[in-house]
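Single-structure report; data block below.
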Amino acid sequence: MLSSIERAINDKIARFRQASSIAEWRHYQGKATGAERPDYDDSSWQTVQVPITWAGAAGDSWLRRSYSVGESVQGISTRGATIEMPVMIPIHSRVFVDGSERVAEPSWLDTRAIPLVIAEDYQPNTSIYLAVQAFEGDGFGLFVASNVEVSTFEQVIFRLLIVRAQLQFTHYLAHEAPSANPTWAAAWDSAAQVLDLNALNVNNWDAWWQSAELARERLAPMADEAKKYTTHLIAHSHIDMNWLWTYDETVDVTRRDFIAVENLMQRYPEFRFSQSQASVYIAIQERHPELLPQIRQRVDEGRWDVTATTWVEGDLNMASGEALARHFLYTRPYIKGILGVTPRVCWEPDTFGHVATLPQLLRQVGIDYYYHCRAGKGQSIYWWEGLDGSRVLTFNDPYGYGGTIDANSVTMPALDAAKRYQLKNACWVYGVGDHGGGGTARDVEHALTLAQEPFLPQALLSTTIDFFNETRDNSVDLPVVMGELNTVFEGCYTSHSDTKKLNRSAENSLVSAETLATMAATLTQTTYPLSELCEAWRTTLFHQFHDILCGCAIGATYREAAIAMQPALDSAAAVQANSLQALNAAVNTGSGTGARIVVWNQLAFA
């Protein structure tokens with residue numbers, strides 16, 4: 001019976017999506033003067049299905065189409081609707097609507113955070129002319145835009161998803177959960193029977209919504225039980241360091257997102273936010289220090305959850321063990337110093353693999369929890385055990401780190417956690433990412449609406465640490481996964497060998513510099529060059545970001561990296577030379593004539 005309900009609702013949603021599809025476009029690569037105009041003749045262009053990719057260096061790319069919809073679809077009027085077009089283009093581009101430029105970005109155009117409205121007060125059968133120009137440049141061409149969003153359709157879809165989720169979740173409670181019983185099973189069967197699927201099929205919306213309300217009344221015995229389950233809705237901003245843009249833009253993205261987070265916190269007292277990477281905090285400290293006091297206040301309030309335990313979300317396979325240790329050694333005191341907290345979560349959502357030694361390092365510095373999305377071993381919630389037996393509670397997010405919020409966001413993770421691990425708490429991470437964006441007001445509004453809906457788990461605007469703490473306190477016999485978690489995107493281990501060489505040279509030189517400086521300070525009372533080594537290590541750690549060290553960033557990123565890394569190498573060399581000079585001066589080479597030779601072996605073996 002549940003499958004019949006799911007099928008009927010899914011079919012109705014699919015019909016709305018079909019009516020809002022913009023999957024087919026006209027495409028041309030090259031110069032096309034005037035192609036933004038509605039009357040431009042594109043009849044000779046190639047017809048393509050999106051998403052579509054192209055080489056950014058091969059020239060400009062143009063995409064064109066129009067969109068219109070009739071008076072109604074599935075009995076839902078389009079008159080007066082607002083129409084938005086979600087689009088993502090990770091290269092310098094701009095979008096025209098009816099011949100006028102509506103939005104443009106220098107490196108990454110993504111309208112999920114700030115919707116691109118292509119029509120307001122829409123009048124049925126009116127054509128909206130769309131044109132996209134992606135400029136020739138450094139990077140790869142990609143165009144993603146599968147559907148427009150017609151507001152009157154989206155409102156109905158949101159409500160349909162709620163009904164479907166309520167029936168799915170209560171079916172679990174009534175028939176599968178440890179607390180399932182005949183009374184609840186009978187209540188669920190009664191609710192399913194009164195749901196008027198025929199009314200839904202023929203678009204008799206009044207009758208359908210009335211039957212849905214009647215079905216909810218039949219589900220009443222399970223109302224309290226449903227709210228014993230919680231889905232932690234965790235907002236974050238996934239900010240890639242210099243992936244398809246340069247550092248100045250990384251800083252600007254960080255500033256933009258942190259201002260947006262503060263605005264959301266002022267508007268919604270319930271809103272919570274989690275943010276990783278020391279690199280984004282030091283960018284704010286150095287470039288926009290006026291934002292730090294407000295961030296500190298939100299941290300103190302418990303609304304801003306700091307998950308920065310590494311300098312960046314780095315490549316964990318190619319970084320040396322000493323470098324991994326420096327991520328923690330330099331990040332934790334820095335975060336404690338500027339924000340007053342010592343995070344217990346290591347947040348590595350996009351990293352391409354995870355070394356077997358990491359649990360040991362995490363536990364040694366006081367980190368209890370680990371979050372990742374890639375390169376798991378089939379478990380979503382588990383104890384990850386390192387080579388020495390150290391364990392950290394780990395969540396391998398099966399849904400990814402860039403979700404939006406609807407009823408699925410609440411029930412899918414809750415059902416997964418309940419069925420596989422007998423847990424009553426789950427996690428859903430939301431927020432526009434890569435080029436930042438974070439959680440949106442629409443996400444928060446949806447969460448607040450879902451929190452008021454019966455027969456769903458609690459939709460709790462929450463933080464990473466609260467999710468992990470609750471999981472730890474309520475879990476029983478979670479699986480144990482041992483050893484490394486590898487790999488994805490294996491091509492990253494051979495691309496841009498120049499950057500990999502710079503990284504390894506810096507790692508080795510800095511470890512040698514530290515060793516010699518320690519010897520010099522101990523044996524000759526020379527001042528230890530702490531600030532020089534700190535700055536050099538921070539630069540090296542920054543460039544271990546997973547999209548830089550792996551070799552998948554744009555050319556400008558690597559030109560910046562080569563320039564930025566040279567002072568770190570020079571600093572390491574200078575520290576070594578100064579330390580050796582001090583040590584040499586302290587060596588007693590005996591008396592007599594002739595040259596004196598002092599040899600220092602900086603290798604780990606004789």
* Asked: Can you check side-chain contact (heavy atoms from CB on, under 4.5 Å) on Trp45 and Leu63, steps first, answer last?
  -> CA-CA 9 Å; Trp45 291 14; Leu63 294 114; over 6 Å; no
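- The shortest distance between side-chain heavy atoms of Ile83 and Glu149 does not fall below 4.5 Å.
- Legend: residues meeting side-chain contact (heavy atoms from CB on, under 4.5 Å) with Val117, ordered by chain and number and at least two apart, are Thr82, Glu84, Glu120.
- Atom CD of Gln18 has 12 or fewer neighbouring heavy atoms from other residues, nucleotides or ligands inside a 6.0 Å radius.
- The shortest distance between side-chain heavy atoms of Ile284 and Leu292 falls below 4.5 Å.
- The aromatic rings of Trp243 and Trp245 stand perpendicular to each other, their planes meeting at an angle above 60°, with 30° marking the opposite boundary.
- The shortest distance between side-chain heavy atoms of Leu116 and Arg102 falls below 4.5 Å.
- When all heavy atoms are compared, the tightest approach of Asn396 to Cys373 is OD1-O, 3.2 Å.
- One finds a salt bridge joining Asp11 and Arg15 here, because a Lys/Arg side-chain nitrogen approaches an Asp/Glu carboxylate oxygen to under 4.0 Å.
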* Report the C-alpha distance between Glu24 and Arg65 in whole Å, list the side-chain angles of each, state the deciding distance to 0.1 Å, and finish with yes or no for salt bridge (charged side-chain N to carboxylate O under 4.0 Å, His left out). => CA-CA 8 Å; Glu24 187 173 282; Arg65 67 159 294 143; over 6 Å; no
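- Ring orientation note: the planes of His435 and Trp108 are close to parallel, at an angle under 30° on the 30°/60° scale.
- With respect to the salt-bridge test (charged N to carboxylate O, under 4.0 angstrom), the residues Glu445 and Arg442 do not qualify.
- When each of Arg272, Glu270, Gln266, Met265 is paired with Tyr268, the side chain to side chain contact (heavy atoms under 4.5 Å, CB included) condition holds for Glu270 and for no other.
- By the 30° and 60° cut-offs, the orientation of the rings of Trp304 relative to Phe258 is perpendicular.
- The two residues Gln29 and Trp54 have their closest heavy-atom pair at NE2-CD1, 3.4 Å.
- In this structure, His171 has its ring center no closer than 6.0 Å to that of Phe169.
- Under the 4.0 Å criterion applied to side-chain N and carboxylate O atoms, Arg17 and Glu154 are assigned as salt-bridge partners.
- Glu348 has its side chain out of reach of Tyr371: every pair of non-hydrogen atoms, C-beta onward, lies at least 4.5 Å apart.
- Atom CD1 of Ile114 sits in a sparse spot, with 12 or fewer heavy atoms from other residues, nucleotides or ligands closer than 6.0 Å.
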* To do: Given ring-ring contact (aromatic ring centres under 6.0 Å, His included), test Phe273 with His236 step by step and report yes or no.
  => CA-CA 6 Å; Phe273 179 71; His236 85 124; 7.8 Å; no
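- Taking a cutoff of 4.0 Å between a charged side-chain nitrogen and a carboxylate oxygen, Arg164 and Glu6 do not qualify as a salt bridge.
- Ion pairing of Arg559 with Asp138 is present here, as a side-chain N (NZ or NE/NH1/NH2) and a carboxylate O approach within less than 4.0 Å.
- Put simply, the side chain of Val87 reaches to within 4.5 Å of the side chain of Phe143, judged on heavy atoms.
- Ring pair His546/Phe352 is perpendicular by interplanar angle, where above 60° counts as perpendicular and below 30° as parallel.
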* Asked: Between Asp397 and Ser380, does a side chain to side chain donor-acceptor pair (under 3.5 Å) hold up when you go through it step by step?
  -> CA-CA 6 Å; Asp397 196 333; Ser380 57; over 6 Å; no
* Stepwise side-chain contact (heavy atoms from CB on, under 4.5 Å) check, Val163 with Leu161 -> CA-CA 6 Å; Val163 174; Leu161 290 174; over 6 Å; no
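- Salt-bridge annotation for Arg287 and Asp248: present, with a side-chain N of the basic residue lying under 4.0 Å from a carboxylate O of the acidic one.
- Aromatic ring centres of Tyr67 and Tyr129: separated by at least 6.0 Å.
- Side chains of Lys12 and Asn203: a donor on one and an acceptor on the other come within 3.5 Å.
- If you check the side chains of Gln458 and Thr231, you find no donor sitting under 3.5 Å from an acceptor.
- For Trp428 (side chain) and Thr404 (main-chain N/O), a donor-acceptor pair under 3.5 Å exists by modelled atom type.
- Side-chain contact check for Leu244 versus Phe140: some heavy-atom pair is nearer than 4.5 Å.
- Gln294 and Gln297 share a side-chain donor-acceptor pair at under 3.5 Å.
- Contact check on Asp60 versus Lys31 returns a salt bridge, with a Lys/Arg side-chain nitrogen under 4.0 Å from an Asp/Glu carboxylate oxygen.
- The shortest distance between side-chain heavy atoms of Glu105 and His92 does not fall below 4.5 Å.
- In this structure, the side chains of Phe16 and Gln74 come closer than 4.5 Å at one or more pairs of heavy atoms.
- Between Arg79 and Glu71 there is a salt bridge, since a side-chain N of the basic residue sits under 4.0 Å from a carboxylate O of the acidic one.
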